[in-house]
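Down below is the structure, laid out as structure tokens.
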Amino acid sequence: MARMSDHPARWTRSTVHPDMWADPDDDPRDSDGAGPDGELPTLLDFLDGYRLTLLMKCEGLDAEQLARRSVPPSTMSLLGLVRHLVEVERDWRNWIHEGDPEPKLYGPKDADFHGAVADQAVVDAAYADLAREQAATDAALAEHPDLGERLGKDRTSVRELMVHRIEEYARHCGHADLLRECVDGRVGQ
């Protein structure tokens, strides 16, 4: 009889459920070594993990599946989430700089979700936009490695910006779990 203190055997390819995202031994979000040292590297590691998780949730779907809305009247879709995070990355740069805000890329309120249509060109553009906007925000924040430094008109700390970014991606990864499950039954991991 197994005791509560016994460790279960590690999952193997033969025991992994077919609806899992990645075999635990091959999950690109996991590393075998110790976690990063220091607060900023830890925050960046968590941000990278959630960014990768979002992309994994969208992986292998066609334009129609990515644009599929959850339940009426919601406009939420996986493609809409990608486009929304493009706008969010742009907006975070507005918090960093004191000048005029960058305009929304997709248009007025909720255009990121409304414009998430089943067109491969829209999908390709959204992924390219996301990579570009993430890189631009990363570069802008890399100029401010002191987490206590206060930036922009609102004097928001770099730490708060970093934690808010992680929170935003984590929250939307939860949405992505449910959206993906509606598309093809795959569940979060």
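In this chain, residues are counted from 1 in sequence order. Below, all heavy atoms of this structure are taken into account, side chains as well, without hydrogens, waters or symmetry copies.
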(Q) Grouping I, L, V, M, F, W and Y whenever their side-chain heavy atoms are under 4.5 Å apart, do M56 and Y50 come out in a common cluster? (A) no
**Q.** Where V122 and G115 come nearest, the two heavy atoms and their spacing
**A.** CG1-O, 3.7 Å
Q.
Could you check whether atom CZ of F113 has more than 12 heavy atoms from other residues, nucleotides or ligands sitting under 6.0 Å from it?
A. yes
(Q) Please report the interatomic distance CG(L78) to CD(E59), rounded to the nearest 0.5 Å. (A) 12.5 Å
Q.
For A67 versus A116, what's the shortest heavy-atom pair and its separation?
A. CB-O, 3.5 Å
Q. What is the distance from atom CE of M162 to atom CG of L43, rounded to the nearest 0.5 Å?
A. 5.5 Å
(Q) C58 vs L66, test: side-chain contact (heavy atoms from CB on, under 4.5 Å). Steps then yes/no. (A) CA-CA 7 Å; C58 297; L66 287 167; 3.7 Å; yes
Q) Do the charged groups of R83 and E87 touch, with an N to O distance under 4.0 Å? A) no
Q. In Å and rounded to the nearest 0.5 Å, what is the CZ to CZ distance from R159 to R150?
A. 9.0 Å
Q: Ignoring hydrogens and angles, state whether a donor on the side chain of E89 or H84 is under 3.5 Å from an acceptor on the partner side chain.
A: no
Q. Which atom pair, heavy atoms only, marks the closest approach of L54 to C173?
A. N-SG, 3.7 Å
Q: For side-chain contact (heavy atoms from CB on, under 4.5 Å), just list the numbers for V158 and L40, CA-CA rounded to whole Å, side-chain angles, deciding distance to a tenth of an Å, and then say yes or no.
A: CA-CA 10 Å; V158 174; L40 181 57; 5.6 Å; no
(Q) Would you say L52 ends up clustered with L47 if hydrophobic residues are merged whenever their side chains have heavy atoms under 4.5 Å apart, either directly or through other cluster members? (A) no
(Q) For V117 versus H114, what's the shortest heavy-atom pair and its separation? (A) CG1-O, 4.1 Å
Q.
Taking atom CG as the centre, does D146 end up with more than 12 heavy-atom neighbours from other residues, nucleotides or ligands that are less than 6.0 angstrom away?
A. yes
Q. L179 pairs by side chain to side chain contact (heavy atoms under 4.5 Å, CB included) with which of K57, M76, R68?
A. M76
Q: Taking all heavy atoms of A140 and all of H97, pick out the closest pair and write down the distance.
A: CB-NE2, 4.2 Å
Q.
Quick check: closest heavy atoms across G148 and S157, and the distance to 0.1 Å?
A. O-CB, 4.3 Å
Q.
Would you say that L151 contacts T156 through its side chain, given a criterion of any heavy-atom pair below 4.5 Å between the two side chains?
A. no
Q: Enter the distance from S74:OG to H175:NE2 here, rounded to the nearest 0.5 Å.
A: 9.0 Å
Q) Are any of the side-chain nitrogens in K104 or D110 under 4.0 Å away from the carboxylate oxygens of its partner? A) no
Q: To the nearest 0.5 Å, tell me how far N94 CG sits from D100 CG.
A: 9.5 Å
Q) According to the ring pair (Phe, Tyr, Trp, His ring centres under 6.0 Å) rule, which pairs have a member within residues 144-164, sequence neighbours left out? A) W92-H164, W95-H164
Q. When you check the gap from the basic side-chain N to the acidic O, do R155 and E98 get nearer than 4.0 Å?
A. yes
Q) What distance separates L141 CG from R165 CZ, expressed to the nearest 0.5 Å? A) 5.5 Å
Check residues 125-135 and write down every donor-acceptor pair under 3.5 Å in which the side-chain atom is one partner and the other belongs to a residue at least two apart or another chain.
| residue | atom | partner | partner atom | Å |
| --- | --- | --- | --- | --- |
| D129 | OD1 | R132 | NH1 | 3.1 |
| D129 | OD1 | R132 | NH2 | 3.3 |
| D129 | OD2 | Y106 | OH | 2.7 |
| E133 | OE1 | R93 | NH1 | 3.1 |
| E133 | OE1 | R93 | NH2 | 2.4 |
| E133 | OE2 | R90 | NH1 | 3.0 |
| Q134 | NE2 | Y169 | OH | 2.9 |

